[in-house]
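No experiment lies behind these values; they were computed from the predicted model shown. Numbering starts at 1 and runs along the sequence shown.
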Amino acid sequence: MELHYDVVVVGAGFAGLYAAHKIRNQLGLAVQGFEAAGGVGGTWWWNRYPGARCDFESVHYSYSFSADLQREWEWSERFAGQPEILAYLEWVADRLDVRRVFRFNTRVTSTTWDDKAGRWTVCTDDGASCTARFVVSCVGGLSVAKEPEFAGSETFKGELYRTSNWPHEPVDFTGKRVAVIGTGSTGIQVIQEIAKQAAELTVFQRTPNFAAPLGNAPVPPAQRRWNAEHHAELRAGSRQHMIGVPYEPPSGPALATTPDERRRICDKYWDRGGFRLLVSTFSDVIFNQEANEAIAGYIRERIRERVRDPATAALLCPTDHPYASKRPPFESGYYEAFNLPHVHLVDVRSAPIEAITPTGIRTSEKSYEFDVIILATGFDVFTRPLLNLGVTGRDGLKLEDRWAKGPTSYLGIQIAGFPNLFLINGPKSAVALYNVPLATEDNVDFVAAAIARLAADKIATLEATAEAEEAWGRLCEGILNLTVIPRAKGSWYMGENIPGKARAAYFFAGGAPLYRAICAEIAHADYGGFALDRVSVPIPPMVKLDPAAALLLGSMLARGMKPLDELSLDEMRAVAESLKELQLPGPAMRVETIEAPCARIYVPDREGPLPVIVFYHGGGWIAGSLDLADAPCRQMAQEIGAIVVSAHYRLAPEHPFPAATDDTFTALCWARKHVAEYGGDPDRIVVMGESAGANLAAVAAIRARDAGLPLAGQVLIYPPIDPDACTPSRTEFADGPFLNRAAGEKMWAAYLSGAEVTALAVPSRAATLAGLAPALVLTLELDAIRDEAEDYAKAMASAGVPVRLRRLDGLFHGVFNMGGFIPRVREMHDLIAEFVANCCEQVTEAA
């Protein structure tokens, strides 16, 4: 009789144990687990090679969901070794009573969806099978070793070991000639240990790595107890940091510091261990090649300091890939091992390995004899463990065929066409750059909540939509391409360590805060991007973000920025001013400041008379300044060849409506009267504004028409038009990104302050829009204000106004001030330059 369960869990490592606990112990569902190993532990059951240990501090490389577990377990080393991590997981399994959920020494061979029955059939290598409504794959990304690429391994007459499947009994290397092939993280760990014991050790290296000190040390008993008792304090804010550990934030861009200062900062973090050299030094290490090279050069210096032989040191210094474009390994005496007389380094890039022979290894230059050969050649990461489950989804679709051109998924959690199959830390999840236990808990919690939602509402299936999967794939690839990671060759980050495997974005590189925020938004949107009983739920805004905009938003989240509607007036003004840090520096030029009206005049080095732009900054009528607008105004003046008059206005709530519109119109009138003194043409004036400033520009255009003051054009950059607008975008983007609906309502309320709403505040309420200057209206896809701005553009066009409306996909409100981090702001400047040139040319021709 075939048994049926609510959930099948595959794998009994960090993910499988927590999934079994969460689903069985907390949701009360029937769970059957399968594990190919002989016990719990996942990768820590298999990887028992000498030197195997974690590269996150032990107090962080552990579960966080239970205060009791954290308080009761004490870690004996700063970075725990494999035996202690395995002992911890065995203790957790017993403590949570989940060991009995699993059948060990049992490998899943096929996982097949039955659409009619609405369940999965899971078959195992012992001939048994069962069915389940849900399958949760917890197989882990580093659980299938890379196949040996060297012919003849079966002929070797000595001892042949693979680090990924190490014997459970100790291996004695005393007096033996040992070869290690591979110098990735695993190879580095095993080399530095075997060097202490072997009579002769020869390391075959194809690609050297940027290894930094691990900084491991025993933890004194008193400190162990303190760490356990103060776990909450030690781990506070972990999930708000990019990699899930509360390391110190970076000091800023590397290129903004002097070489001496860079050296001082690198020295500070070099010996402190863990990923600090990557995440606590400089903010642009993985985004800017020049900044990356500054860190890479520092590491090479330190390698040369530690390796006595210059030729060996040169071979150990990476030069073919940026630092952190492969997962950064860590070491404890690795480089010093090459100072030992019995340790040798062979460069297989210049002399490739041709075969493993009965007596050793043959390269293109020489044959070597060994008693022991150790293969530390890495893993087939992310995809192979899942493909080995023999997954077949709807309509007979095989996962292997679905992923023939590279893995696809939504959040790394689900795959279109495979309902009720959940992946924990699957391809395109955040796990590669996120502390595994925390990433695991996040994924399991998401999955458990989804399963509970289906049960509560009697929904049979949940699966990712193809559209959401595509959008997520674009975001993952786009973010990865903003980093130095794709510059590396042969990296498992890109799938290139496996011959024939598709080169692709295999993980989400946007960091933990952004990933968590996206997952939270998806859940809040009733699982947006998923189909519930084949009814699709719209993809939430954050999944549609431009990659650079997503990274910037993630950085804001990591800094703990509150939603805008929760900020005080002073905090809001501080946030507005902080946007200056996100801008490209403007070019040098003549700039004059006048007091009445309060304005700055930017004069490029061009022969006049020049066209004129009167610009009003944003800030929701309650914030913003001439300083905020300085860099964009310099940029426009230089690129367009125009005089730019940047006008400030009195801010609410101290000076509510109509103060701002009176000030901005006064500035426009002043420009008409005086701009010729600066080389400007008063007959070619374009009024322009951003955000609230765009509202003021629209009103100024109406007042100019009514006053008989001719304008060449108006540029409205995502203008808020109507406080009472009820549009789809106000609903869809009520929670942002960045500007949320509640914040916009607070700004309108502060500006209007109970005054009667007229066309002087709401331009769409003008008696007529006919006769207005030609308009360029720029809107953003992910902006609550989008629809009201587009409706205003359409209303002007209906009234006979020449209007160009352009929506920019993937961007959110405020990005005009973020051009230093979001390259596509360049598109906005190009559109503005083209529009201003055309408007002014038409005025000239008419004259």
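Salt bridge annotation for E147-R384: absent, with no cationic side-chain nitrogen under 4.0 angstrom from a carboxylate oxygen. Taking 4.0 Å as the cut-off between side-chain N and carboxylate O, R306 and E331 count as a salt-bridged pair. Taking the charged nitrogens against the carboxylate oxygens, R516 and D442 do have a contact shorter than 4.0 Å, which makes a salt bridge. Salt-bridge check for R362 with E354: passed, with a basic side-chain N closer than 4.0 Å to an acidic carboxylate O. Salt bridge K428/E477: absent, no basic N to carboxylate O contact under 4.0 Å. Salt bridge E261/R264: present, at least one basic N to carboxylate O contact under 4.0 Å. By the 4.0 Å N-to-carboxylate-O rule, K326 lies too far from E496 to be salt-bridged with it.
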Inset, instruction - Verify ring pair (Phe, Tyr, Trp, His ring centres under 6.0 Å) between Y506 and W492, making sure each step is shown before the conclusion. - result: CA-CA 8 Å; Y506 280 77; W492 62 260; 9.3 Å; no
Inset, instruction - Would you sort out whether R304 and E301 count as a salt bridge (charged side-chain N to carboxylate O under 4.0 Å, His left out), showing the intermediate values? - result: CA-CA 5 Å; R304 287 190 289 266; E301 268 186 60; 5.7 Å; no
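The two residues I479 and G510 come nearest to each other via the heavy atoms CG2-N, 3.9 Å.
The shortest distance between side-chain heavy atoms of F14 and I424 does not fall below 4.5 Å. Taking 4.5 Å as the limit, every side-chain heavy atom of E35 sits out of range of all side-chain heavy atoms of V40. Here the side chains of L345 and D347 are not in contact, with every heavy-atom distance at 4.5 Å or above. Side chains of R276 and E248 form no contact here, defined as non-hydrogen atoms less than 4.5 Å apart. S555 is not listed as a side-chain neighbour of F821, based on a closest heavy-atom distance of 4.5 Å or more. Side-chain contact between L214 and R53 is present, with at least one heavy-atom pair separated by less than 4.5 Å. Considering only heavy atoms from C-beta on, F379 comes within 4.5 Å of N47 through its side chain. A 4.5 Å side-chain heavy-atom check between T359 and S367 finds every atom pair outside the cut-off.
Checking D172 against T174 by side-chain atom types alone, a donor-acceptor pair falls below 3.5 Å. The closest side-chain donor-acceptor pair between N216 and E77 falls under 3.5 angstrom. Checking E441 against S64 by side-chain atom types alone, a donor-acceptor pair falls below 3.5 Å. A donor-acceptor pair shorter than 3.5 Å can be found between the side chains of R349 and T207. For the residue pair S429 / N425, no side-chain donor-acceptor distance below 3.5 Å is found, with atom types taken as modelled.
Ring geometry for Y368 versus F370: interplanar angle under 30°, hence parallel rather than tilted (30 to 60°). Between W226 and H230, the angle of the ring planes stays under 30°, which puts this pair in the parallel group of the 30/60° scheme. F210 and H321 have perpendicular rings, their planes meeting at more than 60° on a 0 to 90° scale where under 30° would count as parallel.
Checking V171, L160, V178 one by one against V372, the side-chain contact (heavy atoms from CB on, under 4.5 Å) holds for a single residue, V178.
The backbone N or O of Y247 sits nowhere less than 3.5 Å from a side-chain atom of S280 that would complete a donor-acceptor pair. Between the side chain of N435 and the backbone N or O of V245 there is no donor-acceptor pair closer than 3.5 Å.
Applying the side-chain hydrogen bond (donor to acceptor under 3.5 Å, both in side chains) criterion to Y515, with sequence neighbours excluded, gives N443.
Residues in residues 252-289 take part in these ring pair (Phe, Tyr, Trp, His ring centres under 6.0 Å) pairs, two or more places apart or across chains: F56-F275, W270-Y298, F275-F330.
With a 6.0 Å cutoff to the six-membered ring centre and a 45° limit on the axis angle, R48 counts as a cation-pi contact of W45.
Ring to ring, Y61 and F79 are not that close: their centroids are 6.0 angstrom or more apart.
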